[in-house]
Number of protein chains: 2
Amino acid sequence: MRIVVTERAETSADSDPSLAAEAETRRAADSSERAYNTIRKLLVEFKLKPGERINEVQLSRSLGVSRTPIREALNRLASEGFVSLTPNRGFFVRSLSTEGLLDLYEFRSIIECAAFKLMCERADDSEIDRLRSYWEAIVDAYPDQPPDVILAEDEGFHLLIAELSGNPELVGQLSSINARIRFIRRIQIEHPSHDKAQITSHSAIVDAAVRRDAENGMKLLREHIEMTVSATQQALKDALLKVFAPGNGADLKRRRRARDA
Amino acid sequence: MRIVVTERAETSADSDPSLAAEAETRRAADSSERAYNTIRKLLVEFKLKPGERINEVQLSRSLGVSRTPIREALNRLASEGFVSLTPNRGFFVRSLSTEGLLDLYEFRSIIECAAFKLMCERADDSEIDRLRSYWEAIVDAYPDQPPDVILAEDEGFHLLIAELSGNPELVGQLSSINARIRFIRRIQIEHPSHDKAQITSHSAIVDAAVRRDAENGMKLLREHIEMTVSATQQALKDALLKVFAPGNGADLKRRRRARDA
DNA sequence: CGTCAAGAAAGTGTCGACACTATTGCGTTC
DNA sequence: GAACGCAATAGTGTCGACACTTTCTTGACG
């Protein structure tokens, strides 16, 4: 590994300049929170690679904090499924295998369909109209946005459905799922295979919502999600090839240990 | 609050009765894990009451460890929804209001129905037979078991369905839900309103599984869960009345001096 | 040459201490 | 007597240190 996040950037090829360490003599007070966000970002961006062991000391040096907030962040990330913890051996980046990915998308499909159905049953007209106007407000510019914006708007769309279901548990679950697959979705959006079929999907879903047609809406959602799975799989393979690519393979030592994650 | 955790009388679930007195000056090495289990148990058993602020120092003294493993455990519990964290003010026991309970049961219903459907589609005959034999092996003695056993067997039944769905995410989610509502379910089982209708429900669900009748099975599951919700609500109210001093009404107004030892 | 064991190095798990923040209790002013 | 500071206290957030465990290195032995 070798993360460089501090001010003394050596191989600052593509590191994010966002976290300036403003290192005064002042203590932070929210180091854990920042560590959580930073580490999650590292995971999302493949800076920490699947299956890799996470070195707390290195991380703490990189982030300029002690190991305590690092460990708190890692514990949270472990609960959320980003990393796994092996006693006395430390945290490992959870490898998201292809089948694990399918499971996650399947789970997402379940949540979203249920949310849509509940929304149709419970949301009043003004709430449904919020969904419609949310989508109408962004649909025109949608295809021309940068990937990050597309991703955020898409997540917002689906999250709004979850909110309108009236069940906060669904909102929380969908948020968690989104976080876990965000890096893959981003890869997929940037991948050449990404087409604009999402737009018609979303529009059709809005129509179904307005008509309170739960059955049809769920079908659309299922297809909408399944459609992206195959494309995503290919994009993921390409991305993994790029990450684990040639020369830098020095990190990959032969470690024959059965470590499921 | 007043927690009294006797030295090593913890979750007697399957703890090894190993050396206790021998290792006096020995350090633990898995304090976090034990703290996690112990605190979760305190939450489940209402020793820590909904809305109450959690005092880390007190807890650490009670458990005989430093605050570090306590905080790691609390962080995990926060990710899992047992407690909430307010910056600079600490951890609070998450109050499970009645509506929060309904949301949780609704979520559970969604997960279970989806799992049943997937099981019908994917599990082979021998796996379905595992479900049948699991239930047949316990059905006769079921009504006469103590509450803890009933609870464990019931959870095992539903968890097995989740496993047979082939999606590990569903298993994890259901486990998490189970943990969060376990204390309520236990209260409900001990409550006089608890009847034995569960048995016919489970048997009918097994039948539907054998016939691979996903539609009917999901309907049964939904009813099975909904049936317990109303009974649980009443049981919960009684339990809360018993836990909180009579006639308080307010959820989290409880303030206690830290003077008690 | 390869195997293996003992020691060295690296890394995790836990602790006590301290800085900073929120809360409580007390005295002052109007 | 009530509102408002203002000191004292209690409690959280973070740190550096150290004990214990795992992993790597080295060197003796077959």
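Numbered from 1 within each chain, the chains take letters A, B, ... in sequence-line order. Side chains are part of it too, since the values below use all heavy atoms of this structure and drop only hydrogens, waters and symmetry mates.
- In this structure, the nucleotide among D:dT14, C:dA22, C:dC15 sitting nearest to the side chain of B:Pro69 is C:dC15.
- Remark on DNA chain C: of its neighbouring residues B:Gly64 and A:Glu56, the 5'-side contact belongs to A:Glu56, judged by nearest-heavy-atom nucleotide.
- Contact check, A:Ser66 against D:dC15: a side-chain N or O comes under 4.0 Å of OP1 or OP2.
- With hydrogens and angles left out, the side chain of B:Arg67 and the base of D:dG13 share a donor-acceptor pair within 3.5 Å.
- Of the candidates A:Glu33, A:Arg40, A:Arg34, A:Tyr36 forms a side-chain hydrogen bond (donor to acceptor under 3.5 Å, both in side chains) with just one, namely A:Arg40.
- Closest approach of B:Ser109 and B:Ile225 over heavy atoms only: CA-CD1, 3.6 Å.
- Put simply, the side chain of A:Arg53 and the base of C:dG11 share no donor and acceptor less than 3.5 Å apart.
- Atom pair A:Leu85:CG and C:dG11:C1' shows a separation of 13 Å (rounding to whole Å applied).
- Across the protein-nucleic acid pair, A:Ile54 atom CD1 and D:dT22 atom P stand 19 Å apart, rounded to whole Å.
- The interatomic distance linking A:Glu72 (CD) with D:dC15 (P) rounds to 11 Å, in whole Å.
- Atom CD in A:Glu33 sits about 18 Å away from atom P in D:dT12, given to the nearest Å.
- Side-chain atoms of B:Ser62 come within 3.5 Å of backbone N or O of B:Gln58 as a donor-acceptor pair.
- To the nearest angstrom, C1' of C:dA22 lies 10 Å from CZ of B:Phe92.
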- Task: Show the numbers, then the answer: is there a side-chain contact (heavy atoms from CB on, under 4.5 Å) between A:Ile161 and A:Leu174?
- Result: CA-CA 10 Å; A:Ile161 293 176; A:Leu174 189 55; over 6 Å; no
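- One can place CG of A:Asp30 at 16 Å from C1' of D:dC15, the figure rounded to the nearest angstrom.
- Ranked by how close their nearest DNA chain D nucleotide is to the 5' end, B:Thr68 and B:Val57 are led by B:Val57.
- Residues A:Asn88 and B:Pro87 both approach DNA chain D. Their nearest nucleotides, taken by heavy-atom distance, put B:Pro87 toward the 5′ side.
- Taking only side-chain nitrogens and oxygens, B:Ser32 comes nearer than 4.0 Å to OP1 or OP2 of C:dT14.
- Look at B:Glu72 and B:Arg76 and you find no salt bridge, because none of the NZ, NE, NH1 or NH2 atoms lies under 4.0 Å from a carboxylate O.
- When the side-chain nitrogen and oxygen atoms of A:Asn55 are compared with OP1 and OP2 of C:dG11, one or more of them lie within a distance under 4.0 Å.
- For D:dG13, one of the phosphate oxygens OP1 or OP2 lies less than 4.0 angstrom from a side-chain nitrogen or oxygen of B:Arg71.
- Rounded to whole Å, the distance from CD1 on B:Ile70 to P on C:dT14 is 11 Å.
- The nearest whole Å value for the distance from the CG atom in B:Asn75 to the P atom in D:dT12 is 13 Å.
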